[in-house]
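Okay, structure first, notes after.
Chain naming here is simple, since letters A, B, ... match the order of the sequence lines and numbering starts at 1 in each. These numbers were taken from a predicted model, which means no experiment stands behind them.
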Protein chains: 2
Amino acid sequence: MPRRKSLDHVVVPQAVMRRLPVYYRYLGALLARGTERVSSQELSRMIGITASQMRQDLSYFGSFGQQGYGYRVRDLHRAITEILGLHRTYQLVLVGVGNLGRALVSYPSFANRGFRFCGLFDNDPRLIGSEFCGLEIRPVDTLADFLHQCPVDIGVITAPPEVAQQIADVLVAGGVPAIWNFAPTSLKVPKGVIVEHTHISESLMVLSFRLNNPEEADTSVESASNQ
Amino acid sequence: MPRRKSLDHVVVPQAVMRRLPVYYRYLGALLARGTERVSSQELSRMIGITASQMRQDLSYFGSFGQQGYGYRVRDLHRAITEILGLHRTYQLVLVGVGNLGRALVSYPSFANRGFRFCGLFDNDPRLIGSEFCGLEIRPVDTLADFLHQCPVDIGVITAPPEVAQQIADVLVAGGVPAIWNFAPTSLKVPKGVIVEHTHISESLMVLSFRLNNPEEADTSVESASNQ
DNA sequence: GGTGGCTTGTGATCGGTTTAACAAGTCACA
DNA sequence: TGTGACTTGTTAAACCGATCACAAGCCACC
Ligand SMILES: NC(=O)c1ccc[n+]([C@@H]2O[C@H](COP(=O)([O-])OP(=O)(O)OC[C@H]3O[C@@H](n4cnc5c(N)ncnc54)[C@H](O)[C@@H]3O)[C@@H](O)[C@H]2O)c1
Ligand SMILES: NC(=O)c1ccc[n+]([C@@H]2O[C@H](COP(=O)([O-])OP(=O)(O)OC[C@H]3O[C@@H](n4cnc5c(N)ncnc54)[C@H](O)[C@@H]3O)[C@@H](O)[C@H]2O)c1
């Protein structure tokens, strides 16, 4: 029987946390394909990690498999869904309705997984007042007010880097507990506020580095860094 | 005098490589501000890492500072520019001219750093033949031919995940040495081909995990993972 | 019911990354 | 020119994450 650990006083290593979405993705694929059972051996080979690593990762959260049998795909998928918090919904605001912002807002998979955009903000008079994906684009000066009326879980910053910090400050002051930042700036926020930075440009620079520094080592390497 | 190591037989650790763009970004900011000199102490405090770590990282590539003085911002910036390969230009093709693809193609910073889009491909008849950012959108069936005529350094995949692997195969067959993938799929490529995956959705899932698992630890954590 | 083959979860080991410490060298200024 | 404060590059130690190895347990089949 799958048994979830309390996790209250267990510290989950960074590296483990970053792999959870990968497990989630592959389990989703197996589920869609109708596969019932999977062993750590099989799943880890698909992903390209060791079976040990996968089992050890899961062990931070509990026991989800059965010896001699493996994991029931449905159960493990549900368990990871809950671990990742993807069983509930989140209210998002997005600030900076430019090219990248529009791509995020119109991406259907987010809504499908419970990430709901409830407010779009910009400072461009040509955009303000118009509609995008069924949402009115509001003046960024009204963001603070909006946050007082409507509780928001995640603030998305897709505005230019020069204004990212001041937007973050407004979000924090408005009680937003987490920021998803796409601007190439490091945000300073009070302890307790979660910032997740998505490094698009950094990722391209790493690619350029790797092109110029032929590694003897293996080629399938993915994002990593911490600061 | 700044002295660059040969680096031919030195293996640069993953973790070090991922921090290079961060150094590059902060040095660029200092340069723009007109700062001439910086010590590992100052720079590392700005970034939020230890001075030891920064010096150790740089030591993989050579000696760029002066004892008792620190680093000349201009020199270190130039050194890292070259280490990252940002002093030369790259030819890129992008496959899947959707919302995300258009955001990338129209992002001016890439062109400014030498990343030049020279071909856009899609399979949507409504898009094919039209122009975007001065480039014609071509049928994806002509990609293989295009690659034979025009050497390409980086292939960008912003098409749906279902077709990502087959696009990657065409890119590889056409001799493209590096792939920048935005589709949520792990690509299988021959050894020697570089794949850099930018995990937008994964990043949001990590945010959701962190919202639901209050870490006692510090809050400023950035992307990491390897597979 | 017993046996063999598998597979999990976990303590032990290995390797890599981060931090600490210091000798050597530079600058500023008397 | 000499002295002191400062900072680098590097070697060593501590820490953390990945891999290994195995006892415990389950399933299937005889
Ligand atoms: N597009 C990319 O490929 C890409 C890649 C890497 C990083 N980024 C970063 O993502 C962010 C968005 O990029 P983009 O390409 O969508 O840029 P964009 O210029 O298309 O959009 C930026 C939007 O922010 C709005 N804005 C400007 N100042 C504002 C303010 N004070 N308050 C609210 N809104 C404001 C602008 O009106 C515009 O609509 C930027 O920080 C950029 O550096 C983008
Ligand atoms: N937009 C986002 O916020 C976001 C977030 C995470 C991941 N992604 C991923 O990035 C990719 C692009 O996302 P998007 O939002 O731009 O999607 P999109 O639907 O706007 O664009 C996809 C484009 O690919 C084209 N295409 C489809 N099949 C093709 C083929 N066989 N060959 C060439 N082109 C083809 C489509 O015509 C379309 O223009 C997808 O894989 C998506 O899962 C997007």
Side-chain angles (χ1 to χ4, degrees), chain A residues 1-5 7 10-20 22-23 36-45 47-73 75-76 79 215-218 220-222 224-227, chain B residues 1-5 7 10-20 22-23 35-73 75-76 79 215 217-218 221-222 224-227:
Chain A
M1 183 198 293
R3 174 78 186 293
R4 177 101 181 264
K5 274 185 192 165
L7 205 237
V10 184
V11 178
V12 178
Q14 287 292 313
V16 173
M17 177 176 73
R18 300 283 160 187
R19 278 190 294 270
L20 293 174
V22 180
Y23 299 143
E36 273 197 22
R37 173 200 162 277
V38 72
S39 69
S40 62
Q41 186 75 222
E42 292 171 280
L43 186 51
S44 64
R45 183 168 304 150
I47 296 178
I49 60 174
T50 65
S52 265
Q53 181 164 69
M54 201 200 111
R55 292 202 302 275
Q56 180 127 100
D57 284 354
L58 293 179
S59 78
Y60 281 97
F61 303 100
S63 305
F64 307 100
Q66 275 183 320
Q67 287 155 330
Y69 177 82
Y71 302 86
R72 197 169 291 276
V73 172
D75 291 348
L76 187 54
E215 325 148 48
E216 313 298 320
D218 60 331
S220 67
V221 169
E222 303 224 342
S225 108
N226 63 329
Q227 102 174 42
Chain B
M1 184 200 292
R3 176 78 186 293
R4 175 101 182 263
K5 273 184 193 164
L7 202 237
V10 185
V11 178
V12 178
Q14 285 293 314
V16 173
M17 177 177 74
R18 300 283 159 187
R19 277 189 294 269
L20 292 174
V22 179
Y23 299 144
T35 312
E36 274 197 19
R37 174 198 161 277
V38 73
S39 69
S40 62
Q41 184 75 221
E42 291 171 280
L43 187 50
S44 65
R45 183 166 306 149
M46 286 170 54
I47 296 176
I49 60 173
T50 66
S52 262
Q53 182 164 68
M54 201 199 111
R55 293 202 302 274
Q56 177 107 291
D57 285 355
L58 293 179
S59 77
Y60 281 96
F61 304 100
S63 303
F64 306 100
Q66 275 183 319
Q67 288 156 327
Y69 177 83
Y71 301 86
R72 198 168 292 276
V73 172
D75 292 348
L76 188 55
E215 324 148 47
D218 59 331
V221 169
E222 304 225 340
S225 110
N226 64 328
Q227 104 171 41

Query raised in the report: Where along nucleotides 21-30 of chain C does protein come under 4.0 Å, by heavy atom, of base (B) or sugar-phosphate alone (S), with - for untouched nucleotides?
Result: B--BBBS---

Query raised in the report: What string of B, S and - do you get for nucleotides 12-17 of chain D, 5' to 3', when a contact is any protein heavy atom under 4.0 Å?
Result: B----S

Query raised in the report: Can you name the nearest heavy-atom pair linking B:V12 to B:M17, along with the distance?
Result: CG1-N, 4.2 Å

Query raised in the report: How far apart are the closest heavy atoms of A:L58 and A:F64, and which atoms are they?
Result: O-CE1, 3.7 Å

Any side-chain N or O of [X] under 4.0 Å from OP1/OP2 of [N]?
X     : N      : value
A:T50 : D:dT19 : yes
A:R37 : C:dT7  : yes
B:S40 : D:dT8  : yes
A:Y71 : C:dC6  : no

Report task. Could you tell me the separation between the CD1 atom of A:I47 and the CE atom of A:M54, rounded to the nearest 0.5 Å? Result -> 6.5 Å

Measure from [atom1] on [X] to [atom2] on [N] and round the result to the nearest Å.
X     : N      : atom1 : atom2 : value
B:Q41 : D:dA5  : CD    : P     : 17 Å
A:R72 : C:dT7  : CZ    : P     : 15 Å
B:L58 : D:dT8  : CG    : P     : 9 Å
A:E36 : D:dC27 : CD    : P     : 14 Å
A:I49 : D:dA18 : CD1   : C1'   : 10 Å
B:F61 : D:dT10 : CZ    : P     : 13 Å
B:F64 : D:dG9  : CZ    : P     : 8 Å

Query raised in the report: Any side-chain heavy atom of A:D57 within less than 4.5 Å of one from A:Q53?
Result: yes

[X]: what forms a side chain to side chain contact (heavy atoms under 4.5 Å, CB included) with it, not counting sequence neighbours?
X     : result
B:E42 : B:R37, B:V38, B:S39
A:E36 : A:R72
B:R55 : B:S40, B:A51, B:S52, B:Y71

Report summary line: Residues passing the side chain to side chain donor-acceptor pair (under 3.5 Å) test with A:S44, sequence neighbours excluded, are none

Report task. With sequence neighbours left out, write down each residue that passes salt bridge (Lys or Arg N to Asp or Glu O under 4.0 Å) with B:R45, or none if nothing qualifies. Result -> none

